[in-house]
Amino acid sequence: MSHSSTLEALAAAGIPAPVKPLLTVEGLTRVYGKRIGCADVSFELWPGEVLAIVGESGSGKTTLLNCISSRLTPTCGTVHYRMRDGAISEIYKMTEAERRHLMRTDWGFVHQNPIDGLRMTVSAGANVGERLMAVGNRHYGNIRGAAIEWLARVEIDEDRVDDQPRTFSGGMRQRLQIARNLVTEPRLVFMDEPTGGLDVSVQARLLDLLRGLVSDLGLAVVVVTHDLAVARLLSDRMIVMKEGRVIEAGLTDRVLDDPRAPYTQLLVSSILQV
Amino acid sequence: MNAPDTQTQNLASYNFAYLDEQTKRMIRRAILKGIAIPGYQVPFASREMPMPYGWGTGGVQVTAAIIGRDDVLKVIDQGADDTTNAVSIRAFFAKTAGVATTTSTPDASIIQTRHRIPETPLHAGQVLVYQVPIPEPLRFLEPRETETRKMHALEEYGLMHVKLYEDIARNGRIATTYAYPVKVEGRYVMDPSPTPKFDNPKMHQSEALQLFGAGREKRIYAIPPHTDVVSLDFEDHPFEIQHFDQPCALCGGEQVYLDEVVLDDHGGRMFVCSDTHHCESRRADGHRGALLGDEPGQDKEAMA
């Protein structure tokens with residue numbers, strides 16, 4: 001049986017064809033002078049998979065995230081991304097125009113502090129519509145319709161569409177930021193402590209919402225968090241970092257229930273029990 | 001070429017048209033580059049001028065760099081030839097370059113303008129020099145110069161539409177009435193200086209060369225003749241210019257840009273042409289508006 005007929009047989013049986021990784025990170029290193037931001041990090045991210053990067057503050061989580069998402073040029077190492085047409089591109093070999101286009105269409109980035117990811121002086125509707133306008137949408141009615149639809153999906157009332165995000169609460173701002181990123185239906189979203197700074201009930205609702213969106217849209221997510229509970233709720237796999245290096249990686253349940261590295265054991269045992 | 005002559009001898013310490021020849025060459029190079037890349041903001045080494053920033057230092061430097069002895073200069077300020085700024089700049093070049101000045105739009109070879117384009121269509125061979133306060137159309141949306149330059153380089157102009165979106169969301173229509181952003185020759189988004197959007201269509205496929213000088217911001221840009229200049233808009237909210245309910249109160253002109261003039265403190269007001277030359281030449285042709293008084297001489301004849 002040839003390879004292609006095997007694939008057809010799989011498709012006929014309703015089994016999805018084997019996919020290639022969406023994102024491949026190899027030997028990614030970033031140094032700040034003599035200090036290490038992150039060193040020799042490699043992993044693969046598959047379509048629809050949620051990967052959590054955990055570790056204490058200063059462990060290089062955010063440096064790693066910024067290096068993967070092309071916001072910070074790594075010292076060495078490569079990041080390959082599978083584009084929508086199936087071609088594999090190396091992020092740092094693209095032209096800047098291509099990279100920026102990718103960042104506002106196929107990728108999303110959710111900042112810890114919504115002020116960094118939103119335009120605080122334009123309305124919620126324009127915040128959500130900005131990416132649509134950036135890719136050439138020139139019909140006001142359609143843009144506004146899409147904005148209202150996305151606000152509804154992140155549980156923001158339609159009548160807030162013309163309000164500026166500075167009149168929003170912290171949780172609403174974070175939900176607005178998520179809507180703004182998802183409006184172009186990206187395949188990959190980076191999140192830096194998406195629930196940081198929110199109180200627990202708001203955190204729980206946001207996590208619920210994120211879980212729903214991730215499974216509905218089949219998003220692949222790289223989420224940086226120091227909160228192991230967030231990692232357990234959201235992620236399929238996780239990476240534990242310490243002093244810029246990956247010290248443990250595996251399925252989230254495995255890492256959290258059966259931590260192997262002594263540091264991970266310490267991290268897991270440090271969770272406050274209520 | 002520019003040896004001192006009798007008219008400028010009493011200003012022997014000044015070169016022709018105030019600026020030294022090296023500076024003029026530098027500005028001309030910037031102008032040529034601007035013409036070669038329509039709508040692109042060319043940085044230039046703006047000089048101190050004997051007037052404060054905001055009074056047209058950029059426009060004056062551009063005019064000084066292109067003016068020759070045979071040129072006829074017209075200067076307008078909000079369409080008027082007789083306001084302080086216009087009179088001073090006209091006098092400045094009459095003194096430092098000894099050139100002829102005029103208030104007539106068709107007779108001028110160089111027209112320096114602050115915030116209007118004359119109503120009389122410009123013809124080939126004329127140069128319109130704009131005084132520009134803030135050349136960067138993206139400035140109020142993105143304060144970082146490094147970022148706005150990158151946005152121009154990569155043609156990332158989505159943000160400009162965010163501003164127009166906000167206008168419609170707040171006011172139900174595009175409420176920007178001046179400094180309305182345009183796209184030049186399908187490439188660069190440009191600020192047409194704070195001219196009313198009424199004048200935007202006049203920039204499109206103009207016969208005349210249009211030069212823009214921003215002195216404080218040190219930028220020159222240009223629109224060569226016969227260049228496409230398209231005002232940005234949405235498909236369902238197309239660009240439109242201002243419309244006035246009444247004709248000019250002095251000359252009865254329609255389809256022109258009008259200024260509101262308050263007459264008294266009881267709410268009395270009149271609307272008159274902002275372009276004084278246009279208004280005067282229409283009156284000379286016998287057009288009369290509703291509030292135009294009679295000439296003193298005619299009054300006497302009527303009484304007699």
Side-chain angles (χ1 to χ4, degrees), chain A residues 70-71 73 94-105 107-108 115-148 150-151 156 158-167 176 179-181 183-184, chain B residues 37 40 134 136-177 179-184 186-189 197 200 228-240:
Chain A
S70 83
R71 292 159 50 82
T73 311
M94 291 180 180
T95 63
E96 186 167 14
E98 288 171 332
R99 202 155 54 221
R100 284 169 73 115
H101 185 257
L102 181 70
M103 283 194 76
R104 57 168 192 259
T105 52
W107 287 9
I115 289 174
D116 298 333
L118 292 173
R119 290 191 191 280
M120 299 304 281
T121 51
V122 303
S123 67
N127 263 293
V128 178
E130 181 177 340
R131 276 180 164 229
L132 295 174
M133 292 181 249
V135 296
N137 200 321
R138 293 288 176 265
H139 191 285
Y140 175 81
N142 294 352
I143 294 166
R144 193 175 170 82
I148 289 171
W150 269 100
L151 290 182
I156 296 174
E158 186 183 332
D159 60 5
R160 302 301 301 268
V161 66
D162 292 332
D163 292 348
Q164 294 187 0
R166 55 180 175 189
T167 65
L176 178 63
R180 172 181 158 92
N181 273 288
V183 66
T184 51
Chain B
I37 318 171
Y40 170 71
I134 295 166
E136 178 52 72
L138 302 162
R139 178 60 66 237
F140 292 108
L141 303 157
E142 175 53 66
R144 291 167 293 177
E145 175 72 14
T146 49
E147 189 64 18
T148 52
R149 283 202 200 186
K150 203 170 273 178
M151 290 160 85
H152 282 295
L154 301 176
E155 225 179 322
E156 283 184 6
Y157 292 130
L159 204 51
M160 212 68 248
H161 275 86
V162 171
K163 181 174 181 280
L164 301 179
Y165 174 99
E166 276 296 281
D167 261 7
I168 304 173
R170 284 188 202 167
N171 306 299
R173 65 197 164 80
I174 298 177
T176 304
T177 53
Y180 192 103
V182 293
K183 194 163 209 178
V184 181
R187 176 59 180 86
Y188 283 96
V189 165
K197 67 178 175 184
N200 275 17
D228 285 337
V229 179
V230 180
S231 305
L232 300 181
D233 60 2
F234 284 103
E235 286 156 17
D236 46 348
H237 286 268
F239 170 79
E240 49 188 31

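The structure presented is a predicted model; accordingly, all values stated were derived computationally and were not measured.
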Can you say whether the rings of A/Y140 and B/Y165 are parallel (under 30°), tilted (30 to 60°) or perpendicular (over 60°)? tilted
Can you tell me if A/E130 uses its side chain to pair, donor with acceptor, with the backbone of B/G158 under 3.5 Å? no
For A/E98, is it the side chain, the backbone, both, or neither that has a heavy atom closer than 4.5 Å to a heavy atom of chain B? neither
Using side-chain heavy atoms (C-beta onward) and a distance below 4.5 Å, is A/R119 in contact with B/L159? yes
Pick one of side chain, backbone, both or neither for B/K163, based on which atoms fall under 4.5 Å of a heavy atom in chain A. neither
Smallest separation among heavy atoms of A/T121 and B/R170, with atom names: O-NH2, 3.6 Å
Heavy atoms from other residues, nucleotides or ligands near CD of B/E240 exceed 12 (cutoff 6.0 Å): no
Value for CE (B/M160) from CE (A/M133), rounded to nearest 0.5 Å, stands at 11.5 Å
Give a yes or no answer on whether the side chain of B/D236 reaches the backbone of A/H139 with a donor-acceptor pair at less than 3.5 Å. no
Is it the side chain or the backbone of B/H237 that comes within 4.5 Å of chain A heavy atoms, both, or neither? side chain
What distance do A/N137 atom CG and B/E235 atom CD have between them, rounded to the nearest 0.5 Å? 7.5 Å
Pick from B/L164, B/D233, B/V162: which one has the most heavy-atom pairs with chain A under 4.5 Å? B/V162
Heavy-atom count around A/E96 CD within 6.0 Å, excluding the residue itself: above 12? yes
Out of A/R138, A/R100, A/R104, A/R131, which one racks up the most heavy-atom pairs below 4.5 Å with chain B? A/R138
